[in-house]
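Only a predicted model underlies this, so the values are computations on that prediction, with no experimental measurement involved.
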Amino acid sequence: MTGPIDPPPRLLMGPGPVNADPRVLRAMSAQLVGQYDPWMTATMTETMGLYREVFRTDNEQTFVVDGTSRAAIEAALVSLVEPGDRVLVPVFGRFGHLLVEIAQRCGAEVHTIEVPWGEVFAPEVVEDAVRATRPKVLAVVQGDTSTTMCQPLADLGEICRRHDVLLYCDATASLGGNAFEHDAWGLDLSTAGLQKCLGGPSGSAPITIGPRAVEVIDRRLHVETGIRDDDDETGPGGRIRSNYLDLAQVMAYWGPRRLNHHTEATTMLYGARECARLLVEEGLDAAVARHERHGRAMLAGVRGLGLAVFGDVAHKMHNVVAVEIPDGVDGDRARAGLLDDFGIEIGTSFGPLHGRVWRIGTMGHNARKDAVLVTLAALEQVLRASGASVTAGGGVGAAQEVYAS
């Protein structure tokens with residue numbers, strides 16, 4: 001007979017997902033209520049306010065999309081982009097390629113610029129590409145976990161406004177652990193996920209939509225037959241090609257009208273609200289500083305073991321590091337040893353980095369001292385078992401020096 005769900009104990013120190021904060025899991029065990037219960041709609045409104053603080057925005061249209069972070073990415077692009085629109089994507093890792101893929105599926109004319117994996121774009125390079133392609137949307141990843149790089153965004157909003165371009169940012173892997181200023185940086189639409197620095201499970205995707213993007217999306221409003229009122233006016237733009245991810249209708253669902261678009265994922269809403277509540281309670285600056293501190297300790301620790309770090313460390317995300325797998329070490333076998341002997345998971349990577357690096361995360365609930373030190377101690381033993389030459393205690397010792405400084 002099939003037994004109850006009983007997952008093995010794991011310390012998830014890869015690039016995400018990570019262990020959910022126990023307080024988030026407790027929130028998600030609460031009983032369901034009806035989707036139009038006054039308590040439920042009040043909880044939705046509270047969640048909107050909390051994520052305005054997380055994104056650092058005044059945008060009215062700030063809520064969560066029911067689905068993983070990719071659902072919010074697709075909702076953003078399918079709602080902004082009509083067939084034939086030009087979209088520019090700066091690609092510096094796997095998730096830039098994902099933005100290209102989704103924009104192409106929306107029927108966009110997609111243009112790309114690329115740098116080698118491990119680097120980021122200078123703003124003047126992006127502006128030159130904007131001038132050359134004249135896109136409707138510039139779609140950029142802030143933190144790409146495939147390379148661990150964090151693209152500077154502060155200058156891109158001004159560039160986009162100079163050229164009348166909408167700026168969309170995928171902040172799935174970076175929000176909550178790295179500086180993020182939606183309004184101050186002039187972003188038009190940003191999306192994220194819970195399973196990284198926000199310390200929750202995958203399945204709910206925060207989103208914030210600024211006035212310029214709202215205007216574009218509202219022009220495409222086509223309320224579906226069966227819930228449309230007689231006074232609903234169809235927008236002049238083309239109908240959004242996804243029903244479920246139609247942000248024009250989803251905005252109406254989260255707004256005062258409470259358009260009956262879909263049934264809210266109640267348990268995920270509880271989790272998303274608690275993720276944001278905990279982050280706001282800690283303070284955004286304090287959370288970023290926490291991720292920076294433990295990320296810096298992990299970086300020092302892997303170097304203390306004699307391992308090389310991939311990429312431009314000056315532009316590395318706080319919450320994940322890519323470690324070059326030493327010559328002669330079977331990377332997958334070492335990862336399996338960490339999991340089997342210590343219950344610790346770290347990640348490999350994709351494309352040109354597959355089999356070349358391990359990705360070790362320090363994010364969300366796992367951005368803490370004990371998780372860093374245990375992971376470094378276990379990694380030392382696995383490396384020794386693989387025949388690698390490592391400095392005895394070098395990883396934990398180097399990390400401890402960071403914590404003592």
Does [Y] offer a backbone N or O that forms a donor-acceptor pair with the side chain of [X] under 3.5 Å?
{"X": "H291", "Y": "G364", "value": "yes"}
{"X": "H354", "Y": "S349", "value": "yes"}
{"X": "S79", "Y": "L247", "value": "yes"}
{"X": "K136", "Y": "L80", "value": "yes"}
{"X": "S202", "Y": "S69", "value": "no"}
{"X": "R94", "Y": "G351", "value": "no"}
{"X": "D188", "Y": "G210", "value": "no"}
{"X": "D232", "Y": "R228", "value": "no"}
{"X": "H222", "Y": "R220", "value": "yes"}

If the threshold is 4.0 Å, N to carboxylate O, is there a salt bridge linking [X] and [Y]?
{"X": "R162", "Y": "E158", "result": "yes"}
{"X": "R333", "Y": "D340", "result": "no"}
{"X": "E274", "Y": "R23", "result": "no"}

Do [X] and [Y] get their side chains close enough for a donor-acceptor pair, meaning under 3.5 Å?
{"X": "S29", "Y": "Y270", "result": "no"}
{"X": "Q249", "Y": "H262", "result": "no"}
{"X": "E224", "Y": "N243", "result": "yes"}
{"X": "N366", "Y": "R368", "result": "yes"}

For the atom pair [atom1] ([X]) and [atom2] ([Y]), what is the distance rounded to the nearest 0.5 Å?
{"X": "M149", "Y": "D144", "atom1": "CE", "atom2": "CG", "value": "9.5 Å"}
{"X": "I344", "Y": "L338", "atom1": "CD1", "atom2": "CG", "value": "6.0 Å"}
{"X": "M317", "Y": "M363", "atom1": "CE", "atom2": "CE", "value": "6.5 Å"}
{"X": "E127", "Y": "I159", "atom1": "CD", "atom2": "CD1", "value": "4.5 Å"}
{"X": "F350", "Y": "R359", "atom1": "CZ", "atom2": "CZ", "value": "4.5 Å"}
{"X": "R219", "Y": "I240", "atom1": "CZ", "atom2": "CD1", "value": "12.5 Å"}

Give the minimum heavy-atom separation between [X] and [Y], together with the two atoms involved.
{"X": "V402", "Y": "R296", "result": "CG1-NH1, 3.5 Å"}
{"X": "L307", "Y": "P326", "result": "CD2-CG, 3.4 Å"}
{"X": "R10", "Y": "N19", "result": "O-ND2, 2.9 Å"}
{"X": "P206", "Y": "V64", "result": "CA-CG1, 3.9 Å"}
{"X": "A287", "Y": "G176", "result": "CB-O, 3.6 Å"}
{"X": "L373", "Y": "Y403", "result": "CD2-CE1, 4.2 Å"}

Heavy-atom check, side chain of [X] versus side chain of [Y], under 4.5 Å:
{"X": "N59", "Y": "D183", "result": "yes"}
{"X": "V140", "Y": "Q142", "result": "no"}
{"X": "W185", "Y": "C169", "result": "no"}
{"X": "P90", "Y": "Q151", "result": "no"}
{"X": "T62", "Y": "W254", "result": "no"}
{"X": "L187", "Y": "F55", "result": "no"}
{"X": "Y244", "Y": "D66", "result": "yes"}
{"X": "L353", "Y": "S146", "result": "no"}

In terms of heavy-atom contacts, does [atom1] of [X] have more than 12 from other residues, nucleotides or ligands at under 6.0 Å?
{"X": "Q31", "atom1": "CD", "result": "no"}
{"X": "E46", "atom1": "CD", "result": "yes"}
{"X": "R241", "atom1": "CZ", "result": "no"}
{"X": "R105", "atom1": "CZ", "result": "no"}
{"X": "E119", "atom1": "CD", "result": "yes"}
{"X": "R239", "atom1": "CZ", "result": "no"}
{"X": "D58", "atom1": "CG", "result": "no"}

Derivation and outcome, salt bridge (Lys or Arg N to Asp or Glu O under 4.0 Å), residues E74 and R70 = CA-CA 6 Å; E74 190 154 341; R70 188 175 299 214; over 6 Å; no
